[in-house]
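First comes the structure, then the notes that go with it.
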Amino acid sequence: MIIKTSGIVIFEQTILEKDKLLTILTKKEGLIRAFAKGAKNFLRCNSSAFSLFCYSDFILYKTKNSYNLGEACSIKYFFDLRYNLEKLSLAEYFCELIINLSVQPQESNKILRLMLNSLHFLLEETLDKSILKSIFEIRILCASGYSPNLCCCKKCLSRKDDGFYLVSIEGCIYCKKCLYTTKNRFIELSRGTLLALRHIVSSSLEKAFYFSLSEENKRNFCKTCEEYTISCIEKKINTLVFYKQICKI
Ligand SMILES: [Zn+2]
């Protein structure tokens, strides 16, 4: 069966020197792994259309157990990320999150648009990198079924704007009065953090990247997003460890 789809290569492995196994986040098919047989010969003909961080139109041949790459035609390159280790390591962290959160075909386009927008902001440096990282974390978790319930206290349903604590493992918030009812680890949310989180969770993708946050709130916000991500992924995220070493966070 022939499949035509656009997508971005988020991981590549060389196999037996000549072949490549590509992990592609596609528009409609979810996350797929496709063999590019004789990839070195391919590269001469098709430039870099199926290299890491290239967004391309693909023609794939679907067999019983795998996909084989037929053609690739590039739409947009994000190769310049490679010239900055901090940007590259953050982009690789985005890729690892996508791979870890098994992308369902129905959410595929949403996650692809999130990735393309995030790489654009990363390349153009139009957004603070730590804020961008946090937005990506929350949006991909929401698209993968880990949307936190931030509207009110889980116990008493209080809907104030401050005085809340996020219990990551439960994916919900508690007010100060009710916090004693949970034994799970919690993180105190500043008012700015809670409002920013609510904005990211409930806005359209285009609007999700735009909000203001004071320097004082930024720290609490980024820490909260990262802790929530680690709690949802439930395993060591190597690219996150590397990114933090690079940034000396
Ligand atoms: Zn309460």
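Every number for a ligand or one of its atoms is a count from 1 in the order of the listing. No hydrogens, no waters, no symmetry mates; every other heavy atom, side chains included, goes into these values.
For the pair K223 and F221, the cation-pi criterion (under 6.0 Å, within 45° of the ring axis) is not fulfilled.
No side-chain donor from either of N109 and K28 sits under 3.5 Å from a side-chain acceptor of the other.
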Just list the side-chain donor-acceptor pairs under 3.5 Å for residues 200-208, sequence neighbours left out, or say none.
| residue | atom | partner | partner atom | Å |
| --- | --- | --- | --- | --- |
| S202 | OG | R198 | O | 2.7 |
| S203 | OG | H199 | O | 2.6 |
| S203 | OG | H199 | ND1 | 3.2 |
| S204 | OG | K207 | N | 3.4 |
| E206 | OE2 | R113 | NH2 | 2.8 |

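Listed by first and then second residue, the side-chain hydrogen bond (donor to acceptor under 3.5 Å, both in side chains) pairs that reach into residues 141-154 are K154-E170, sequence neighbours excluded.
Between F136 and F94, the two ring planes are parallel [angle under 30°; tilted spans 30° to 60°].
Looking only at protein N/O/S atoms, the ones less than 2.8 Å from the Zn ion (ligand 1) make 4 in total.
Apart from L157 itself, the hydrophobic cluster it occupies contains nothing, where clustering links Ile, Leu, Val, Met, Phe, Trp and Tyr at side-chain heavy-atom distances under 4.5 Å.
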